[in-house]
Amino acid sequence: MKHVISADQYSKKDILEILNLAKKMETILNNGKVCELSKGKILATFFYEPSTRTRLSFETAMLRLGGQVISVSDVKNSSVKKGETIEDTAKIASGYADIIALRSPEAGYAQRAADVSAVPILNAGDGAGEHPSQSFLDLYTIAKHFDLEKDELVVSMVGELICGRTVHSLSKMLRNFPQIKQNFVAPAEIQMPDKYFFAEKGDQKFYELNDEVLTTSDIIYDTRIQKERLSPEVYEKHKNAFHFDCEKVNKMKKNALLMHPLPRVNEISPEVDALPQAKYFEQAKNGVPTRMALIAYALGLEV
Ligand code: NCD
């Protein structure tokens with residue numbers, strides 16, 4: 001049984017294996033044939049925070065694999081509202097389902113569920129902690145455009161980095177590819193926490209989105225300023241800290257990628273969507289084959 005909790009679990013070999021599995025899943029999807037790899041298996045999704053892409057793509061992934069889905073998306077209608085612990089919820093759900101995807105408003109819940117669950121737990125985002133399945137789809141997207149193992153890429157993470165679970169997991173996963181340099185671009189108050197920053201590995205901090213970042217990055221990974229995780233004062237101060245319009249994106253390299261886990265609020269103008277660098281919708285679509293791969297990996301399915 002393999003839980004998917006943190007980017008820390010994965011070596012370069014594991015990551016490449018999962019990306020390769022995602023590629024096979026994409027071929028299965030493109031063939032349009034009915035797939036029965038997960039026939040008879042049930043995925044339970046517990047989302048105690050809002051989600052569109054992550055929940056729908058996990059559920060689509062299980063359905064495309066021939067499995068079935070049961071779902072709790074509204075905490076008001078579950079026993080957590082009555083005070084049930086995540087441990088009890090996970091124990092019960094692991095008696096009903098073969099695999100569980102869990103999103104929680106606090107860090108550490110996925111691990112707590114994994115500690116007691118009889119079936120694999122997939123961390124679908126735990127508060128300001130991690131979001132490993134997002135990182136796999138991010139890497140899958142990057143690998144479609146660059147050679148992850150050889151290209152000397154500069155990845156600039158931009159926006160709200162202090163609580164951003166997407167960038168926390170992505171930063172850790174990218175450490176497996178030492179030729180890739182990381183820049184963190186955010187005002188000091190919402191910069192990347194120190195535990196993710198390694199000057200000796202070439203990391204750099206920037207406090208504004210300047211031309212150096214725009215013109216030298218191969219990947220700009222933009223993120224939302226997360227109102228729900230910041231104090232009202234900090235949010236108000238930085239809510240419009242960065243804004244990508246066509247003028248800025250046109251300064252990027254022609255083959256650079258502008259990525260974003262979405263939802264975007266006002267970080268990227270809709271006009272940018274038509275530019276060749278805009279890859280966020282492609283990235284969201286990659287969630288399905290990648291999550292099919294993660295379900296197959298966690299369940300130990302023969303593909
Ligand atoms: C992200 C998340 O929930 O952490 N969204 C996602 O899963 N695609 C980012 C965000 O909400 O800003």
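Just so you know, ligand 1 is whichever comes first in the structure, and atom 1 is the first atom listed for that ligand. Reckoned from all heavy atoms, side chains included, excluding hydrogens, waters and symmetry mates.
Near Gln134, with a cut-off below 4.0 Å to any heavy atom, the atoms of ligand 1 are 6 (C), 7 (O), 8 (N). Distances below 4.0 Å separate heavy atoms of Thr54 from the following atoms of ligand 1: 6 (C), 7 (O).
Atom 12 (O) of ligand 1 has Arg224 NE, 2.8 Å as its closest protein atom, hydrogens excluded (heavy atom only). Looking at atom 7 (O) of ligand 1, its nearest protein heavy atom turns out to be His131 NE2, 2.8 Å. The protein heavy atom nearest to atom 5 (N) of ligand 1 is Leu262 O, 3.0 Å. The protein atom (non-hydrogen) at minimum distance from atom 3 (O) of ligand 1 is Arg165 NH2, 2.8 Å.
Using a 4.0 Å cut-off between charged side-chain N and carboxylate O, Asp194 and Lys205 make a salt bridge. Of the charged side-chain nitrogens involved, none lies within less than 4.0 Å of a carboxylate oxygen, so that Asp126 and Arg165 do not count as a salt-bridged pair.
Considering Leu275, Asn266, Leu258 in turn, Leu258 is the only one that fulfils the side chain to side chain contact (heavy atoms under 4.5 Å, CB included) rule with Phe244.
For the pair Arg112 and Tyr109, the cation-pi criterion (under 6.0 Å, within 45° of the ring axis) is fulfilled. Remark: Lys2 is positioned above the aromatic ring of Tyr297, its terminal NZ or CZ atom under 6.0 angstrom from the ring centre and at most 45 degrees off the axis.
Less than 6.0 angstrom separates the ring centroid of Tyr196 from the ring centroid of His168.
Contact annotation for Arg103 and ligand 1: only side-chain heavy atoms (C-beta onward) come within less than 4.0 Å of the ligand.
Under a 4.0 angstrom heavy-atom cut-off, Pro263 registers as being in contact with ligand 1.
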